[in-house]
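Convention: sequence-line order gives letters A, B, ...; per-chain numbering from 1.
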Amino acid sequence: NSSATEKTIIRIGVQAQGTLEWELQALQDDSQMKLADFQLEIQHLANAEAGKIALQSGSVDMIVSDWVWVSSRRATGADFTFYPYSNTSGALVVAEKSPIYSIADLKGKRLGIAGGELDKNWLLLQALAQKDQFDLNTSVEKTFGAPPLINEQIKQDRVDAVLTYWHFAARLEAQGYRKIIDGRGILKALGINENVPSIGYVFKQSWAENHNQVISNFFKASKRAKNQLCTADAAWLKIIPLLHTDDVATQALMRQRYCEGGIEQWGEQEQQAAARIYTMLRTLSNNQLTGVSENLQPGTFWSLD
Amino acid sequence: MLAFLAVWQGLAVYSNSNALPAPEVVAKVFWQSCITGQLPFHLGVTLLRLVVSFSIAMLLGCAIGIALGRNKKLDAFFDNWLVIFLNIPALVAIILCYVWFGLVESAAILAVVVNKLPNVIVTIREGTRTLDQDLLDMARCYGFSRRKTLAHVIWPQLHPFIMGATRSGLALIWKIILVVELLGRSNGMGYQLHLFFQLFDVASILAYTIAFVAVIQLIEVMILKPLDKKALRWRR
Amino acid sequence: MLAFLAVWQGLAVYSNSNALPAPEVVAKVFWQSCITGQLPFHLGVTLLRLVVSFSIAMLLGCAIGIALGRNKKLDAFFDNWLVIFLNIPALVAIILCYVWFGLVESAAILAVVVNKLPNVIVTIREGTRTLDQDLLDMARCYGFSRRKTLAHVIWPQLHPFIMGATRSGLALIWKIILVVELLGRSNGMGYQLHLFFQLFDVASILAYTIAFVAVIQLIEVMILKPLDKKALRWRR
Amino acid sequence: MMNIQINIDSKTYPAIAQARHHVAIADFKLSLKSGEFVCLVGPSGCGKTTLLNIIAGLDNDYEGDIFVGQAHSHPKIGYIFQNPRLLPWRTVRENIELVLDGNQSPTVIDPLLEVMQLTQSQHVYPERLSVGMSRRVSIIRAFAVDPDVLLMDEPFVSLDAPTARQVRELLLTLWQERPHTVLFVTHDLREAITMADRLIFLSAAPMSVISEITVPISRSERNNESTIEAFRQNLINNYPEIKQLL
Amino acid sequence: MMNIQINIDSKTYPAIAQARHHVAIADFKLSLKSGEFVCLVGPSGCGKTTLLNIIAGLDNDYEGDIFVGQAHSHPKIGYIFQNPRLLPWRTVRENIELVLDGNQSPTVIDPLLEVMQLTQSQHVYPERLSVGMSRRVSIIRAFAVDPDVLLMDEPFVSLDAPTARQVRELLLTLWQERPHTVLFVTHDLREAITMADRLIFLSAAPMSVISEITVPISRSERNNESTIEAFRQNLINNYPEIKQLL
Ligand SMILES: Nc1ncnc2c1ncn2[C@@H]1O[C@H](COP(=O)(O)OP(=O)(O)OP(=O)(O)O)[C@@H](O)[C@H]1O
Ligand SMILES: Nc1ncnc2c1ncn2[C@@H]1O[C@H](COP(=O)(O)OP(=O)(O)OP(=O)(O)O)[C@@H](O)[C@H]1O
Ligand SMILES: [Mg+2]
Ligand SMILES: [Mg+2]
């Protein structure tokens with residue numbers, strides 16, 4: 001029909017099992033979507049790297065990713081920009097009966113780390129340990145690995161604690177594992193009280209400038225969907241198959257973590273906090289995570305007018 | 001076959017972790033994904049990609065391999081390139097293909113071909129070097145056409161190399177296609193397997209693996225074995 | 001070589017995206033990672049794994065391949081297993097190895113071997129089937145010992161197959177070892193490449209790739225080429 | 001039917017590894033009339049096969065020149081190699097059919113198979129043939145192409161006496177029906193005398209012509225054993241320069 | 001030095017694909033005395049090579065039994081195959097040295113190489129040899145092992161007359177120095193008469209013995225050409241049953 005052709009098409013890369021998929025599912029039942037001036041074209045992608053490839057190759061207009069990456073890309077000339085989506089963050093988890101209660105207890109223990117050396121939480125956790133005058137990097141027995149394998153490691157008691165992504169942490173927690181600290185907690189302990197988003201929508205600035213209104217509308221719709229999921233059980237029930245788990249406790253915990261991650265505040269203050277985190281990560285990772293650029297690139301954060 | 005099942009069952013019972021589900025669990029998962037049409041769909045998509053990229057890689061690979069094996073100058077020139085292409089990480093090739101050509105089907109296929117082609121070339125080249133000069137001379141002396149020489153003199157001698165390339169080639173493509181699908185397609189076995197891996201759903205992973213192995217077995221029994229038999233019927 | 005650089009430079013300028021950095025950028029990155037010792041360290045670790053798993057896979061593979069090629073009954077029995085192992089996705093093998101044996105070095109090596117071994121077996125088996133019966137009969141008639149028969153009659157005939165398996169084997173192991181390191185090791189090229197990949201730092205990826213290709217070229221020129229020459233010096 | 005002018009200044013196999021370079025042929029001049037039947041006799045390893053390969057155009061790495069037939073037409077060559085060189089993956093019949101050109105009917109093979117007693121074995125793969133049988137197949141293959149030039153490198157070894165006799169007769173019949181130039185290598189002097197218009201005796205490496213002797217026996221008298229024997233004795237007694245070869 | 005009892009009820013090659021099954025040998029009985037020199041003469045494709053392979057122990061798929069030598073010691077066999085079967089990737093010398101057993105010195109090869117005129121070529125790879133030269137290498141190989149039983153399948157084809165004569169003499173010298181049982185296949189009746197204690201004439205497939213004829217000529221008279229010729233004529237004229245073979 002004619003109205004459909006007038007709608008702007010937003011091609012969006014969705015990571016399978018990401019929370020964006022939940023929201024897009026919820027949006028399908030959103031009555032206001034019929035009136036919206038945009039239409040979504042969804043490309044399912046298996047993992048974060050696939051999203052980055054998709055965005056770079058111009059096959060999608062928008063993905064969800066992190067701002068450190070956006071900044072480092074901008075430093076090499078790309079014009080990507082970032083708008084916050086969520087601030088859920090990974091966590092340090094131990095077995096229920098573990099003698100570990102604080103970071104200091106990790107000394108001499110076996111620690112499984114999802115991702116790699118450049119995992120943001122791992123870097124920040126080291127910084128935190130530094131404040132307590134000990135070098136976490138040398139005082140724990142590290143095992144890096146893919147998150148599912150790391151989860152298996154703790155289940156098989158091959159490691160004492162794991163630092164992993166939020167939904168893997170949630171799955172563990174639901175099974176009785178105990179959270180020591182999460183990403184936000186680490187930042188707080190490091191003196192950053194602002195709620196800085198961990199991930200957000202990433203898109204080309206040039207594209208965004210041409211579709212300002214549409215993008216803003218899309219973000220509103222996404223937020224609406226999120227509210228729906230967090231407030232309306234009916235809406236939530238519909239996306240339960242996307243969680244791929246029959247365990248009710250896990251489902252509940254995942255919903256809780258997801259809803260806690262909503263962005264309430266995004267302004268000058270948060271962006272400055274992000275800049276401070278950036279500087280911190282830059283030193284911690286010895287430039288590797290951030291690239292050579294000394295500061296967070298200007299324009300990294302997209303502002304809705 | 002039964003022995004295999006028994007060993008598996010034994011191991012599963014012994015380890016008793018969700019890292020190795022028992023055969024019946026896998027069978028159930030297998031059956032369910034068949035009914036929902038999920039497995040056939042993804043398998044079909046992957047197989048299609050496999051067939052297309054395999055054909056391209058084999059055809060091109062045989063042609064180039066024979067050319068390099070027979071022509072020393074050409075070989076000396078392309079040898080370095082071959083080693084380079086042989087050892088370009090799958091990842092790099094895949095990323096570059098996708099970034100240049102977008103997340104389209106042809107980019108995926110190209111990525112697979114780029115990964116597989118050098119292997120075929122190397123094997124066939126090795127085979128071409130062992131061709132029997134006496135028979136080639138005979139063909140030349142009796143004025144065989146190029147086509148005739150290829151079909152009746154060269155091809156039968158290359159057969160074991162081609163079979164080797166085919167068998168290990170199917171396996172290699174299967175390994176690569178998984179990564180290709182993982183990084184830029186929204187269907188296919190690679191995509192599905194990654195999802196299962198994220199959920200640590202080993203039962204599903206195994207179910208999909210078995211489906212694929214079954215297909216390959218079918219190809220083996222229906223196509224490769226008879227070909228082998230036909231091609232080797234002259235042997236004592 | 002120069003041609004390659006030229007093509008690369010051309011493509012880089014033409015595409016002008018950070019997906020394909022120009023040669024000089026890569027050279028700079030390469031130089032820097034050499035100075036910091038990063039690249040040599042990770043390359044060394046990966047090479048060590050490569051050497052160990054390659055040796056195991058080739059030795060076992062040749063032994064089993066020859067056995068299967070010469071013994072029809074054994075072959076019929078193991079054929080199915082071989083097809084199964086050949087087509088177990090790298091991912092599945094790696095996951096299972098890690099889950100069963102933990103994220104340890106030996107699991108990593110085992111995973112690589114499991115992936116590579118069936119390829120070697122298939123190639124060598126194909127080669128063994130083409131062995132010249134006349135020469136084997138001669139050896140038997142003159143009472144050659146097993147060792148003598150292997151060294152002087154069988155091995156030289158398998159040479160092209162072994163070279164094929166070696167060349168494409170190094171490449172395959174390299175492809176797999178990346179995945180192995182990515183999923184469960186905290187050093188090595190695969191681990192590093194994954195980090196770079198997360199950052200989409202193609203320049204570093206290429207720098208590491210080049211380092212690896214250079215090593216393989218070295219192996220090719222220092223070991224494989226001379227071996228080839230020695231083994232083929234009898235040819236007209 | 002072609003005349004052949006051979007003029008090889010030298011043919012050298014280069015040194016490789018421990019093997020020294022080897023001058024196989026030096027200063028070799030020979031001309032064959034169109035339709036002539038010539039036998040080559042020379043010590044083992046002197047260079048006869050090398051010569052045939054050069055004439056057949058399989059080896060171009062020599063100094064000198066070879067002229068075969070009229071320049072404007074490409075001569076059809078039948079070559080019975082010293083080893084049968086059959087394609088092991090093609091049956092006897094397929095091996096022969098492969099060399100026929102498009103306008104020859106595959107039925108031309110049948111009478112040849114019959115004479116060579118291979119009709120029974122025509123669908124067998126070469127690995128199942130005895131050596132003598134393979135050799136017969138390779139003979140049929142060369143005859144089947146209706147060659148202008150027929151090169152034969154010890155074609156009748158491994159054949160029993162009656163078969164060899166029969167094949168010799170067949171060859172002569174074909175040759176007389178449709179004359180073509182024949183170059184025939186043999187170590188059997190009696191055979192050479194029975195068949196040839198002219199005998200060429202060759203020296204050891206580097207190969208050159210020691211002596212050319214025309215056989216003056218008429219074709220009708222050739223199957224008389226004593227005539228042949230007498231000529232042989234005559235050769236042995238009266239030609240000291242070829243004594244070493246007999 | 002071994003006596004050999006051969007008693008083959010039947011040897012059948014099974015049917016494969018289009019090729020029908022083939023009864024190669026039927027009801028074959030032959031016994032060789034220790035140190036005897038026996039020649040086999042039979043039509044091409046009758047089954048001579050098959051027989052030698054059975055005796056050499058390379059083919060166990062037959063009905064009947066073979067007894068070679070005293071049961072307690074494993075006979076050393078020298079086999080000159082119908083094709084040279086050299087290892088192409090080993091030099092002439094290496095090919096020969098490989099068959100020597102541990103307690104033979106490699107220098108035993110040198111005089112043999114000398115006689116066969118291969119000293120020059122000892123470090124050459126077989127692909128660079130002429131056919132006759134390869135054949136000589138395979139002859140040396142069989143002689144070098146000091147065999148108890150020597151099987152020879154048309155060993156002297158592709159050799160020029162003087163070389164063949166020389167090799168025949170060498171063979172006889174070795175045989176007289178250190179007697180061993182020899183089974184010799186040839187299509188050349190003169191050669192057979194010159195060498196053998198006994199001639200065995202064989203029928204076409206299925207192979208069996210048509211006639212056994214002892215050669216009563218003393219060893220010293222064997223190099224007299226006319227004696228040989230006379231015996232040959234005698235064979236041709238007085239033995240109608242073997243007429244078809246000559
Ligand atoms: N592997 C085989 N399979 C089937 N048939 C075979 C095989 N080998 C030989 N034959 C057949 O057995 C018969 C005897 O073969 P053999 O090689 O023993 O003959 P021969 O007497 O040595 O002949 P020649 O003098 O030509 O060498 C032939 O008709 C041949 O076709
Ligand atoms: N490819 C080659 N490389 C080097 N030398 C060779 C090669 N082919 C043949 N020769 C040498 O050239 C000489 C002549 O070989 P050729 O095969 O022409 O001999 P021939 O006269 O046919 O002998 P025969 O009667 O034994 O078949 C031999 O000494 C041989 O060693
Ligand atoms: Mg020759
Ligand atoms: Mg024979």
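The most heavy-atom pairs under 4.5 Å with chain E, out of Val157(D), Leu159(D), Thr163(D), come from Leu159(D). The greatest number of non-hydrogen atom pairs below 4.5 Å with chain E, out of His123(D), Gln122(D), Gln82(D), is found for Gln82(D). Heavy-atom pairs under 4.5 Å with chain E peak, among Met133(D), Lys48(D), Glu229(D), Arg136(D), at Arg136(D).
Heavy atoms from other residues, nucleotides or ligands lying under 6.0 Å from CD of Glu241(E) number more than 12.
In terms of modelled atom types and a separation under 3.5 Å, the side chain of Asp160(E) and the main chain of Ser44(D) share a donor-acceptor contact.
Heavy atoms closer than 4.5 Å to chain E are found in both the backbone and the side chain of Ser158(D). Interface remark: Ser130(D) contributes side-chain atoms only to the contact with chain E (heavy atom separation under 4.5 Å). Proximity to chain D is absent for every atom of Arg135(E), based on heavy atoms less than 4.5 angstrom apart.
Note that CD of Glu225(D) and CD of Gln233(E) are 6.5 Å apart. Values are rounded to the nearest 0.5 Å.
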Check: Going through the checks in order, is the side-chain contact (heavy atoms from CB on, under 4.5 Å) test met by Arg190(E) and Arg190(D)?
Finding: CA-CA 12 Å; Arg190(E) 287 186 189 89; Arg190(D) 287 185 189 88; 3.3 Å; yes

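Proximity of Arg20(E) to Gln120(D): side-chain heavy atoms (C-beta onward) are separated by under 4.5 Å at one or more points.
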